[in-house]
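Counting starts at 1 for both ligands and their atoms, following the listed order. These numbers come from the heavy atoms of this one structure, side chains and all, not from hydrogens, waters or symmetry mates.
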Amino acid sequence: MRAVLVANPKGGAGKTTLATNLAGYFANNGMTTSLCDLDRQQSALRWMAFRDPALPPVTGYYGGNQISLSLPREANWVVVDAPAGLQGYKLSDYLRTVDKVLVPLVPSIFDMAATEDFLNAIRNEIRGRRGKVGIVAMRVDPRTRAAGMLEEFLKHFDIPIVAYLRNTQNYVNVAAAGATLFDPPRARHKRDIEQWSPLIEWLKK
Ligand SMILES: Nc1ncnc2c1ncn2[C@@H]1O[C@H](COP(=O)(O)OP(=O)(O)OP(=O)(O)O)[C@@H](O)[C@H]1O
Ligand SMILES: [Mg+2]
């Protein structure tokens, strides 16, 4: 079993979008996939309830009231969707329990400012474990000034950007059907799926 935590203290950064699509990727690649929703709003579980039973299965549960995070050993991959505002001892516990951490980050001054303390906390917690944390630049084109601003900001933390995902209604539309980019018909999302490949490669390392 391997586990990936998707976290950012800023609301609306794209955690649930990233977590559900990642679960969809694993499920469509024949892996037993579990989604652990830590958010009291339970958006990820709501998404799962809409999922067509004919699609590759993603099972899920609410893990937000566990004192210490416990993950299903029988799954190949567990995707953990964190709530906004995550910090302190819970953040430390989650960081210890998972193999990888993905931080979706929108390159706006508001989002970067709200994420700064969190990235510092993570860097201190995982000291020496380079390769454990990666940033996913959300809703951004890598050739823009916004992307340059994000890269400049991240130099302070020594955490790599593992993917750039563009701003598109595709994410909104698939979510409404309990689906992901990786569920059929995939051809419709070819351009977006390509943007995920460096992220997937990084996760497998
Ligand atoms: N790449 C994208 N392109 C377009 N819309 C996006 C993209 N990523 C996320 N969104 C939209 O942005 C909104 C916020 O995303 P999401 O719910 O995934 O964030 P979150 O970090 O889980 O929020 P919360 O902190 O409330 O849990 C949603 O409406 C989602 O559909
Ligand atoms: Mg969410």
Item checked: Side chain proximity check, P72 to Y61, heavy atoms < 4.5 angstrom ->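 P72 reaches Y61 side chain to side chain.
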Checklist line | Side-chain heavy atoms of I135 within contact of V162, under 4.5 Å | finding: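 No, side chains not in contact.
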Close N/O pairs between ligand 1 and protein, under 3.5 Å:
{"from": "ligand 1", "atom 1": "1 (N)", "to": "R166", "atom 2": "O", "distance (Å)": "2.9"}
{"from": "ligand 1", "atom 1": "3 (N)", "to": "N167", "atom 2": "OD1", "distance (Å)": "3.2"}
{"from": "ligand 1", "atom 1": "3 (N)", "to": "T168", "atom 2": "N", "distance (Å)": "3.0"}
{"from": "ligand 1", "atom 1": "3 (N)", "to": "T168", "atom 2": "O", "distance (Å)": "3.2"}
{"from": "ligand 1", "atom 1": "5 (N)", "to": "R139", "atom 2": "NH2", "distance (Å)": "3.3"}
{"from": "ligand 1", "atom 1": "12 (O)", "to": "R139", "atom 2": "NH1", "distance (Å)": "3.0"}
{"from": "ligand 1", "atom 1": "18 (O)", "to": "T16", "atom 2": "N", "distance (Å)": "3.4"}
{"from": "ligand 1", "atom 1": "18 (O)", "to": "T17", "atom 2": "N", "distance (Å)": "2.8"}
{"from": "ligand 1", "atom 1": "18 (O)", "to": "T17", "atom 2": "OG1", "distance (Å)": "2.6"}
{"from": "ligand 1", "atom 1": "19 (O)", "to": "G14", "atom 2": "N", "distance (Å)": "3.0"}
{"from": "ligand 1", "atom 1": "21 (O)", "to": "A13", "atom 2": "N", "distance (Å)": "3.1"}
{"from": "ligand 1", "atom 1": "21 (O)", "to": "G14", "atom 2": "N", "distance (Å)": "3.0"}
{"from": "ligand 1", "atom 1": "21 (O)", "to": "K15", "atom 2": "N", "distance (Å)": "2.9"}
{"from": "ligand 1", "atom 1": "21 (O)", "to": "K15", "atom 2": "NZ", "distance (Å)": "2.8"}
{"from": "ligand 1", "atom 1": "22 (O)", "to": "K15", "atom 2": "N", "distance (Å)": "3.4"}
{"from": "ligand 1", "atom 1": "22 (O)", "to": "T16", "atom 2": "N", "distance (Å)": "2.8"}
{"from": "ligand 1", "atom 1": "22 (O)", "to": "T16", "atom 2": "OG1", "distance (Å)": "2.9"}
{"from": "ligand 1", "atom 1": "23 (O)", "to": "G12", "atom 2": "N", "distance (Å)": "3.0"}
{"from": "ligand 1", "atom 1": "25 (O)", "to": "G12", "atom 2": "N", "distance (Å)": "3.1"}
{"from": "ligand 1", "atom 1": "25 (O)", "to": "K15", "atom 2": "NZ", "distance (Å)": "2.9"}

Item checked: Pairs meeting criterion side chain to side chain donor-acceptor pair (under 3.5 Å) with involvement of residues 12-28, two or more places apart -> T16-D81, Y25-K204, N28-D183, N28-R186
Checklist line | Electrostatic pair D158:R130 at N-O distance under 4.0 angstrom | finding: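 Looking at D158 and R130, the cut-off is met.
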Check: Should K132 and D99 count as an ion pair when the cut-off is N to O under 4.0 Å?
Finding: no
Checklist line | Shortest non-hydrogen separation from G178 to L55 and the atoms involved | finding: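 Nearest pair, atom of G178 first, then L55: O-CD1, 4.4 Å.
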Next item on the list: Please state whether the separation between the Mg ion (ligand 2) and some N/O/S atom of T16 is under 2.8 Å?
Entry: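 Yes - counting backbone and side chain alike, T16 has an N, O or S atom under 2.8 Å.
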